[in-house]
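Presented below is the structure to which this report refers.
Just so it is clear, the model here is predicted, and its values are computed rather than measured. Here is the naming used below: chain letters follow the sequence lines, and residue numbers restart at 1 for every chain.
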Protein chains: 2
Amino acid sequence: MRQKKPSVGNGTVLERLRASGLRPTRQRLALAKLLFARGHRHASAEQLFNEAKTQRIDVSLATVYNALHDFTAKGLLREISIDSGGSYFDTNTSYHHHFYFERSGRLEDIAGDRIAISALPEAPGGAEISRVDIIIRVNG
Amino acid sequence: MRQKKPSVGNGTVLERLRASGLRPTRQRLALAKLLFARGHRHASAEQLFNEAKTQRIDVSLATVYNALHDFTAKGLLREISIDSGGSYFDTNTSYHHHFYFERSGRLEDIAGDRIAISALPEAPGGAEISRVDIIIRVNG
DNA sequence: AAGAAGATTAGAATGGCTCTAATATACCGT
DNA sequence: ACGGTATATTAGAGCCATTCTAATCTTCTT
């Protein structure tokens with residue numbers, strides 16, 4: 001029997017981790033809460049690390065990276081690299097695309113059905129397509 | 001009047017640099033020749049640097065980066081970042097897209113007209129679209 | 001040929017990320 | 001609940017691509 005009274009949203013996050021086969025450690029729970037507590041977001045490792053620090057969550061940078069990669073491997077996050085020198089992790093893992101604001105470095109989701117691709121070439125050499133990434137760069 | 005007999009393709013490369021307003025230095029000419037001598041290619045800074053070394057072209061790594069960025073700024077190259085940790089520079093600057101082979105890290109061009117986008121959303125806040133990048137990731 | 005603007009350079013510095021290997025925690029069977 | 005084992009966390013070192021610095025050299029213009 002659990003002794004601690006679960007705070008708001010804790011249960012859901014805990015279940016998500018368990019369902020993915022990830023041990024719900026204190027750090028992973030805290031980070032998952034930061035990521036998934038409210039609507040979708042695009043977070044960098046550094047950002048998440050700083051948020052954790054601000055909220056007095058004791059977690060190392062290495063653990064932030066580990067958690068982000070573990071979450072990604074389990075399909076809880078999707079990793080996006082735009083320019084070399086930093087990935088974002090997107091909590092929206094459904095089929096969709098991105099606006100990239102070159103000035104600010106911000107990302108914004110584009111719902112999957114707002115871009116219609118009417119011709120998609122076969123992958124050469126019988127390779128399997130694992131993902132189609134569309135990034136619309138805007139200077140804003 | 002020029003004293004040196006131009007070797008094959010030198011003239012063209014020289015003209016391209018001049019036309020771009022880039023001083024045709026020894027290093028830039030050599031690198032441009034490596035890049036543009038034969039059909040289109042996707043080169044990393046490290047790759048180009050090594051090719052230069054192999055051909056006894058005396059050039060520093062910083063200069064390779066400077067040249068690649070200068071060429072990109074002048075529209076002679078297009079920079080492509082897939083995963084954080086390395087850019088490629090594409091000598092094909094016309095409208096086209098890419099296959100990315102996840103296993104090998106190789107890139108392959110997809111002619112612009114082989115992918116048809118039948119709906120493209122407006123950029124938010126009246127921003128201008130500067131580029132549309134489509135990367136088809138294949139596991140091959 | 002001489003001055004000014006621009007380019008090159010080696011090496012140091014930076015930034016994002018990963019590795020190491022020691023310590024701590026969660027899980028399972030009893 | 002207890003002990004053992006697999007798994008996770010950590011600080012700090014290390015790595016790799018890239019950029020910076022500031023001294024030197026080259027190209028261009030006159």
Between [X] and [Y], do the side chains contain an N or O donor and an N or O acceptor separated by less than 3.5 Å?
{"X": "A:Asn92", "Y": "A:His42", "answer": "no"}
{"X": "B:Asp90", "Y": "B:His98", "answer": "yes"}
{"X": "A:Glu79", "Y": "A:Thr72", "answer": "no"}

[atom1] of [X] versus [atom2] of [N]: gap in Å, rounded?
{"X": "B:Phe71", "N": "C:dT8", "atom1": "CZ", "atom2": "C1'", "result": "13 Å"}
{"X": "B:Arg23", "N": "D:dT27", "atom1": "CZ", "atom2": "C1'", "result": "5 Å"}
{"X": "B:Asp70", "N": "D:dT18", "atom1": "CG", "atom2": "P", "result": "15 Å"}
{"X": "B:Gln27", "N": "D:dT27", "atom1": "CD", "atom2": "C1'", "result": "11 Å"}
{"X": "A:Leu29", "N": "D:dT7", "atom1": "CG", "atom2": "C1'", "result": "15 Å"}
{"X": "B:Arg28", "N": "C:dT9", "atom1": "CZ", "atom2": "P", "result": "11 Å"}
{"X": "B:His69", "N": "D:dC20", "atom1": "NE2", "atom2": "C1'", "result": "13 Å"}
{"X": "A:Lys53", "N": "D:dT10", "atom1": "NZ", "atom2": "P", "result": "13 Å"}

Does B:Arg18 place a side-chain N or O at less than 4.0 Å from the phosphate oxygens OP1/OP2 of D:dC28?
-> yes
Examine D:dT9: is either OP1 or OP2 under 4.0 Å from a nitrogen or oxygen in the side chain of A:Arg26? Give yes or no.
->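 No, outside the criterion.
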Provide the full list of salt bridge (charged side-chain N to carboxylate O under 4.0 Å, His left out) pairs with a residue in residues 111-125 of chain B, sequence neighbours left out, each pair given once.
->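 Residue pairs with at least one partner in residues 111-125 of chain B: there are none.
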Side chains of B:Phe71 and B:Arg28: does their closest heavy-atom pair fall under 4.5 Å?
-> yes
Would you call A:Ile110 and A:Phe99 a side-chain contact if the rule is heavy atoms closer than 4.5 Å?
->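 Yes; the side chains approach each other to less than 4.5 Å.
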Which heavy atom in B:Leu17 sits nearest to a heavy atom in B:Leu76, and how many Å separate them?
->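 Looking at all heavy atoms of both residues, the shortest contact is CD2-CD2, 4.2 Å.
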Just call it for A:Thr63: base, sugar-phosphate, or nothing, with non-hydrogen atoms closer than 4.0 Å on any strand.
->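 Touches a base.
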Do A:Ile136 and A:Tyr88 share a hydrophobic cluster, counting only Ile, Leu, Val, Met, Phe, Trp and Tyr and linking them when any side-chain heavy atoms are less than 4.5 Å apart?
->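 Not linked; separate clusters.
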5'-most by nearest nucleotide on DNA chain D - B:Glu79 or B:Thr25 = B:Glu79
Under 3.5 Å, N/O pairs linking protein and nucleotides 22-24 of chain C:
none

What N/O pairs connect the protein and nucleotides 10-16 of chain C at under 3.5 Å? Give each pair on its own line.
none

Donor-acceptor contact below 3.5 Å, side chain B:Arg41 vs main chain B:Leu34 |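 It does hold such a pair.
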